[in-house]
Amino acid sequence: MFNLNQIRLDFPILNSTRNNQPLVYFDNAATTQKPKIVIDTISDFYSNYNSNIQRGMYFLADRATTEFEKSRRVVRKFLNAQLKEEIIFTSGTTQSINMVAFGFLNTVSSAGDEVLIGEMEHHANIVPWQVICDKLKLKIVTIKCCENGKIDIWDLKNKMNSKVKLLAVQQTSNITGHENNIKEICNLAQKQNIKVFVDGAQSVSHKPINLQDLNCDFFSFSGHKCFGPTGVGVLYGKKELLLKMEPFMFGGNMIDLVSFSKSTWGKLPYKFEAGTVNIAGVIGLGAALKYILSLGLNNIQKQEDLLKEKMWEELGAAKNVVMGLTKKPDSPIFSFNIKSTHSYDVGSLLDEMNICVRTGHLCAQPAIKSLGVSGFVRASLCFYNTEEEVSVFISALKRIMKIVNNGN
Amino acid sequence: MFNLNQIRLDFPILNSTRNNQPLVYFDNAATTQKPKIVIDTISDFYSNYNSNIQRGMYFLADRATTEFEKSRRVVRKFLNAQLKEEIIFTSGTTQSINMVAFGFLNTVSSAGDEVLIGEMEHHANIVPWQVICDKLKLKIVTIKCCENGKIDIWDLKNKMNSKVKLLAVQQTSNITGHENNIKEICNLAQKQNIKVFVDGAQSVSHKPINLQDLNCDFFSFSGHKCFGPTGVGVLYGKKELLLKMEPFMFGGNMIDLVSFSKSTWGKLPYKFEAGTVNIAGVIGLGAALKYILSLGLNNIQKQEDLLKEKMWEELGAAKNVVMGLTKKPDSPIFSFNIKSTHSYDVGSLLDEMNICVRTGHLCAQPAIKSLGVSGFVRASLCFYNTEEEVSVFISALKRIMKIVNNGN
Amino acid sequence: MLIMGIEKNISKIVSEFSFFESWEEKYEYLIELGKSTPPLNKELKNDLNIVRGCQAQVWLICEIKNGKLFLQGDSDAIITRGLVGLLICIFNNCTIEEVARSNNFFLEKIGLSKHLSITRSNGINEMIKKIRLYCSNYE
Amino acid sequence: MLIMGIEKNISKIVSEFSFFESWEEKYEYLIELGKSTPPLNKELKNDLNIVRGCQAQVWLICEIKNGKLFLQGDSDAIITRGLVGLLICIFNNCTIEEVARSNNFFLEKIGLSKHLSITRSNGINEMIKKIRLYCSNYE
Ligand SMILES: Cc1ncc(COP(=O)(O)O)c(C=O)c1O
Ligand SMILES: Cc1ncc(COP(=O)(O)O)c(C=O)c1O
């Protein structure tokens, strides 16, 4: 059973108020709040078994290493990846993408080749590819998105050819909440021997992921966007590709032998985990994913569907609200504007009512441009939000319209 | 006043026991333990003002951003750097070094040039330079260390010439605890227009750092080695060099404008902080440094000197102990072996007595080799260790010698 | 000590703000101020006049006449436009010395610092910095 | 069910360990075992026979004669050498089927798993893996 009131008690911050107004946190696409179990897991690590991992001979190091590697198993299970060593801990989605861009792309491409990128991607899934394509003299080709915000499969098919070596695409958009059909896309790409990198930053908190079913080549997400700590993320890659991929960082732990004449890299996944990684973060991420699994992603989806329906209906019915897209999103992420009002103004005034949303270009300037606006107000919900909060939010928007137009 | 008993209460883990034996934590060079204030600061962030930073318009984002940027000020002050924007948050020393190797070296060198590296460096301060030098066709020249474990200034002088563009050197050795005279080294290097990168991973927890006085070009350290969280570190660079340096990672936050035809980078320091960084880690690091400052680094040094003298004397007096170096270290780090006993055996048996040390190659294979052994037992102490623990440690070593030789 | 123009301007604004009992009233006043601030000509909304570090676009033009500052500005967000109007009320017609030596305390006094100091998203600090820098270059 | 050689060997070791009351005694026994294990010839201590993932160097040689496993091994650390000796006691002269189907429970039974399961530093898991892999390739 999904007891929302009970669940909200798991998140200390959700019960806070400011100026006697309860917090309405609708910025979950930027970062989610953390359940107590995650916070306590981190404190427990630092208080009871903090130590560096993998090289220590002593009890604390053994316990820390064991918990760290348990997290790897949890992530494998959470994503249904095939092998534990296909799970690499990174500092976040951004690092994961940079690792593939700078360590893998050159192993499958040569000057003149092409990389496909969706036109609605987050900056993190654009800029690294731009920089490396510039260096390797590859061409970036953008894939159009349909009016529902998803990759236009026809455009994708048209642009796939033997020069294309990689496609970088998000599973769920941080602007529109729409979900690409990754399985279909991978299927098409594989037929032409195109590798697919999937940016899962916005999907992991909303729906079950089954990598063996999706069959993508790379997948990444950030801990902080799925109820886990900041400074930790995951890169998944198919083993045979990770074996080819060059490390992104060099240093301790990732090496096998070091001498001034030559150094050799260690085994998977350690080859990609140079230096002391975010041990507390990794262990905390394990706790976060276990928490999600304990709630059940199906239950989460059910609750989010309720919120989504209500938001969609009431936002759509509100006068002067202009939605970013005219189709209902797959995940409860809503980008919109209030007519002739800057998103900055809306955000500032919502803040006065203790309502948190994101405003502006949402780290996706090309996407915003392609939608013909200069910015958005984005309300991104998740399972711990309530229908009552949606009502509060809609009333707040109406109040803002009054304030802004009062002087007219 | 430095009340050791009181201070030990600040560190929850120091009061733990296993099999009725108190914990003796002598692996501080690998990672230090955390005071309660650091653990609580992290919990407080997640429980009360967790949010993403720098782009949010709302109260929580403002508070998180403010605390995050306060940490930058604390770091600036802690290092006595000149400018706030010279302080870049990274995931740790390893990343900091990789950033300079891959983003800066190419701006001051061309094929045929040379990079100088001390022969006793940690892998993190060797391998990144190796990889980039290989790419840029630069030559790595190693600087000998004296029998006191420090850079041999004569050898350094001999090897400095107009082809040399950069010198990478540690302040304090993680093996011998010896400290290089960074000020003198920088002075020599600057005369020949050689940039100096200083690996401060082992020095920041032991002594005051004054970057404006040392006058090095780059400096880095890890949070987890100075009582702060894992997954966070610092890169300092002189502003004019950071302006030239290329970003290491690309994505959100670090950009100014993004379009598919061209993207431009943001201002310092944000240009080097791509994506969502370890917000909790940075705020926790601020708390750790403030804690150190509140104890006073001079007081810390005094207490560590006591421990150092006792260890040096008693280890030296113990039969069958072979020290890594014959000179007393600057910081309380001791690498040694027990005659005809493998470091692995010593570490295993110490663990049975709840004593934590590191054994093996200590992430510095070339250094170990240069000292003519295959590995070491390393006991690295810090201010919260006690003279009693030193006695316990020495007795434990004697017990081990008995166990190992009993069968003879 | 002489009461300078800038202090007079500030105390006038402070007293106006002191009448407001709710945040709505403050914002309504700011928005009013924004609406009554004369817009900039399109060609003046250029990269030279833009103030960086604001989520909304802000343009600000400083001029010195007879040792005194004259400000014009605009923004595409109405609250920011109100802030521009506020700065005009405070700084316009003040001597460059006064401006260069002014501080940001007035934001606190009118109870706006809390609402408006949002790091990096809101450009009011950047605007004031630009104004002060401009004046100190003339000092 | 037939009691197999491997189980007999394990219960013999388990009963020996059950006499020890302190960790010192266990280690003294292991060290004893290490010292009595015949050393490998220098030329056999090569990269082919090395077991990866141990902090101490470990070499292990598996041979099959008449469907039965024969083990030799060595290490530069005496405790690890004792572990090699232990594995020889347990696996030597056992059929490849037995070995391939064996598990690691015996470590727990002799109270060593706690002391010896240190991740990645200690190669006992790697050693057993190597032995089992070798045998299953022959099955
Ligand atoms: C779709 C998408 N990709 C990538 C990212 C970057 O994630 P991070 O900042 O955690 O590296 C984000 C988050 O902002 C995102 O929404
Ligand atoms: C001298 C020295 N440099 C660099 C490092 C690497 O630090 P980190 O693993 O935190 O990146 C260490 C720590 O092991 C060290 O001792």
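Because the structure is a prediction, the values reported are computed rather than measured. Proteins come first, then strands; the chains are lettered A, B, ... in the order of their sequence lines, and each starts at number 1.
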Relative to chain B, which segment of [X] carries a heavy atom at a distance below 4.5 Å: side chain, backbone, both, or neither?
{"X": "Asn98(A)", "answer": "side chain"}
{"X": "Val258(A)", "answer": "both"}
{"X": "Leu257(A)", "answer": "both"}
{"X": "Thr32(A)", "answer": "backbone"}
{"X": "Cys356(A)", "answer": "both"}
{"X": "Asn48(A)", "answer": "backbone"}
{"X": "Ser16(A)", "answer": "neither"}
{"X": "Lys262(A)", "answer": "backbone"}
{"X": "Ser222(A)", "answer": "neither"}
{"X": "Val232(A)", "answer": "neither"}
{"X": "Ser261(A)", "answer": "backbone"}
{"X": "Ile140(A)", "answer": "side chain"}

For the ring pair Trp265(B) and Phe250(B), is the centre-to-centre distance below 6.0 Å?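 Between Phe250(B) and Trp265(B), which both carry aromatic rings, the centre distance is below 6.0 Å.
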Answer yes if the ring centres of Phe68(B) and Phe89(B) are under 6.0 angstrom apart, and no otherwise.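 So the answer is yes for these two rings.
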Could you check which of [options] has the highest count of heavy-atom pairs closer than 4.5 Å to chain A?
{"options": "Val357(B), Leu14(B), Leu350(B)", "value": "Val357(B)"}
{"options": "Thr31(B), Ile13(B), Val127(B), Asn125(B)", "value": "Ile13(B)"}
{"options": "Val38(B), Val277(B), Thr276(B), Ile355(B)", "value": "Thr276(B)"}
{"options": "Gly360(B), Gly252(B), Cys363(B), Gly347(B)", "value": "Gly252(B)"}
{"options": "Pro247(B), Ala101(B), Gly233(B), Gly231(B)", "value": "Gly231(B)"}
{"options": "Val131(B), Asn15(B), Thr359(B)", "value": "Val131(B)"}

pair [X]-[Y]: side-chain heavy atoms closer than 4.5 Å:
{"X": "Cys226(A)", "Y": "Leu285(A)", "result": "yes"}
{"X": "Ser51(A)", "Y": "Thr65(A)", "result": "no"}
{"X": "His224(B)", "Y": "Ile279(A)", "result": "no"}

Using distance alone, with no hydrogens and no angle criterion, decide if Gln130(A) and Ser263(B) have a side-chain donor and acceptor under 3.5 Å apart. yes
What I want to check is whether the side chains of Ser43(B) and Ser43(A) have a donor and an acceptor closer together than 3.5 Å.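 A donor-acceptor contact under 3.5 Å links the two side chains.
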Show, in sequence, the C-alpha distance, side-chain angles and deciding distance for Arg18(B) and Asp351(B), and conclude whether the side chain to side chain contact (heavy atoms under 4.5 Å, CB included) test is met. CA-CA 10 Å; Arg18(B) 186 163 57 107; Asp351(B) 176 46; 2.9 Å; yes
Using the side chain to side chain contact (heavy atoms under 4.5 Å, CB included) rule, take Ile117(B) and Phe260(A) through it: C-alpha gap first, then chi angles, then the decisive distance, then the call. CA-CA 10 Å; Ile117(B) 301 186; Phe260(A) 277 104; 4.0 Å; yes
Run Ser91(B) and Asn278(A) through side chain to side chain contact (heavy atoms under 4.5 Å, CB included) and show every step you take. CA-CA 8 Å; Ser91(B) 64; Asn278(A) 189 352; over 6 Å; no
For the residue pair Phe227(A) and Phe11(A), categorise the inter-ring angle as parallel (less than 30°), tilted (30 to 60°) or perpendicular (more than 60°). perpendicular
